[in-house]
Enquirer: 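Below you will find the structure I want to go over with you.
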Amino acid sequence: MAHQLNNQGEVIGYRRDDVDPPYLWPDYMSTRTRAPKRPLIPLPHTLSEVTGPVLGHESVGALDNDLTRQHAGEPLGERIIVHGRVLDGDGRPVRNTLVELWQANAAGRYHHDVDRHPAPLDPNFSGAGRCATDDEGRYRFITIQPGAYPWRNHSNAWRARHVHLSLFGPAFATRLVTQMYFPGDPLFFQDPVFHSVRDEKHRNRMISQFDLDNTVEEWALAYRFDIVLRGRDSTPMEE
Ligand SMILES: [Fe+2]
């Protein structure tokens with residue numbers, strides 16, 4: 001615990017960076033009502049925020065990362081592998097950290113009560129999985145290519161194909177929730193969630209790379225997506 005305290009016994013907090021995407025991005029309509037209207041009041045970090053979850057290996061099942069084997073049959077869709085490394089701001093692997101993934105099915109429908117998109121649910125696909133990173137910070141999921149889906153943000157609005165990811169860094173305060181996109185999606189230009197990340201270089205870091213080397217012949221294509229978590233020791237980002 002000592003390394004989370006300074007010489008005076010105070011908790012060493014995490015750096016707070018400007019957020020990108022910003023809380024308010026008018027093209028992404030729901031941010032108009034949910035963005036804070038007044039300046040934020042920073043609260044000092046406490047020990048429970050600068051220390052992180054400790055995962056026991058027993059808490060993540062061996063098949064929890066395989067979204068194609070959660071039911072009696074296989075889900076419909078194009079089988080894919082989504083994998084990469086989780087690194088801290090200094091490029092060091094983030095080991096044994098929980099990575100969670102959730103997504104729509106091949107038809108673009110979430111297994112969720114509020115999803116009213118008139119596309120079929122797949123009885124063999126729940127759309128959620130998790131795994132822990134290994135000693136090199138690597139994670140790997142087996143899933144299916146999610147479909148694009150409409151939403152009511154603006155006239156004829158469609159989300160670019162994506163999977164949602166949640167990660168814990170070395171501490172609860174460094175939790176990251178992000179979306180991973182697929183290269184060459186024709187819907188990028190009109191997706192304000194994608195464009196709410198203002199800097200193009202920064203935005204393009206949300207697009208995975210097609211990864212021929214990690215495809216499995218006659219079985220699945222692969223996409224690689226490395227994730228860099230910011231934290232107390234991260235180097236400043238040059239945008
Ligand atoms: Fe989504």
Side-chain angles (χ1 to χ4, degrees), residues 19-35 64-68 70-71 75-84 86 98-131 139-168 175-198 202-210 221-227 229:
V19 291
D20 190 18
Y23 295 116
L24 176 63
W25 186 255
D27 286 352
Y28 180 2
M29 294 231 311
S30 56
T31 68
R32 295 184 197 177
T33 47
R34 74 172 182 231
D64 286 2
N65 69 330
D66 189 342
L67 285 76
T68 69
Q70 296 175 341
H71 297 276
L76 292 173
E78 180 186 321
R79 194 184 295 113
I80 60 171
I81 294 159
V82 172
H83 77 108
V86 182
L98 184 67
V99 183
E100 296 166 288
L101 178 150
W102 65 100
Q103 63 168 91
N105 70 20
R109 176 90 185 256
Y110 281 99
H111 191 81
H112 191 290
D113 283 347
V114 301
D115 189 343
R116 295 282 127 212
H117 177 30
L121 281 169
D122 185 338
N124 289 316
F125 193 69
S126 301
R130 60 186 191 157
C131 66
Y139 71 92
R140 184 171 186 266
F141 289 98
I142 299 162
T143 185
I144 48 110
Q145 174 80 45
Y149 59 84
W151 61 316
R152 294 185 176 144
N153 187 71
H154 54 278
S155 146
N156 197 19
W158 293 77
R159 290 298 325 282
R161 293 159 189 83
H162 60 275
V163 301
H164 297 263
L165 291 162
S166 158
L167 296 106
F168 285 101
R175 187 184 179 202
L176 176 86
V177 177
T178 190
Q179 299 187 20
M180 183 202 96
Y181 296 87
F182 294 88
D185 196 309
L187 292 164
F188 285 144
F189 79 97
Q190 58 87 69
D191 187 335
V193 178
F194 181 66
H195 282 278
S196 65
V197 176
R198 293 159 290 183
H202 195 182
R203 191 161 64 234
N204 287 340
R205 281 187 218 133
M206 299 186 296
I207 305 175
S208 58
Q209 290 180 305
F210 176 64
L221 295 178
Y223 292 88
R224 182 182 175 112
F225 189 62
D226 289 341
I227 299 154
L229 301 175

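Counting starts at 1 for both ligands and their atoms, following the listed order.
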Enquirer: Between Arg109 and Asp115 (side chain of the first, backbone of the second, donor and acceptor by atom type, cut-off under 3.5 Å), is there such a pair?
Expert: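 The answer is yes, because a donor-acceptor pair under 3.5 Å joins these two groups.
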Enquirer: I need the single residue from Phe225, Tyr149, Phe182 that forms a ring pair (Phe, Tyr, Trp, His ring centres under 6.0 Å) with His162. Which is it?
Expert: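 Result for ring pair (Phe, Tyr, Trp, His ring centres under 6.0 Å) with His162: Tyr149.
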Enquirer: Ignoring hydrogens and angles, tell me if any N or O in the side chain of Arg159 forms a donor-acceptor pair with the backbone of Asp191 under 3.5 Å.
Expert: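 Checking the backbone N and O of Asp191 against the side chain of Arg159, no donor-acceptor pair under 3.5 Å is found.
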Enquirer: Give a yes or no answer on whether the side chain of Asp122 reaches the backbone of Leu76 with a donor-acceptor pair at less than 3.5 Å.
Expert: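 Checked: pair present.
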Enquirer: Has Asn153 got a side-chain atom pairing as donor or acceptor with Asp27's backbone, closer than 3.5 angstrom?
Expert: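 Checking the backbone N and O of Asp27 against the side chain of Asn153, a donor-acceptor pair under 3.5 Å is found.
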Enquirer: Near the Fe ion (ligand 1), meaning under 2.8 Å, how many protein N/O/S atoms are there?
Expert: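 Considering protein N, O and S only, the Fe ion (ligand 1) has 4 within range.
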Enquirer: Is the shortest side-chain heavy-atom distance between Val193 and Tyr181 below 4.5 Å?
Expert: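 Of all side-chain heavy-atom pairs linking Tyr181 with Val193, at least one is under 4.5 Å.
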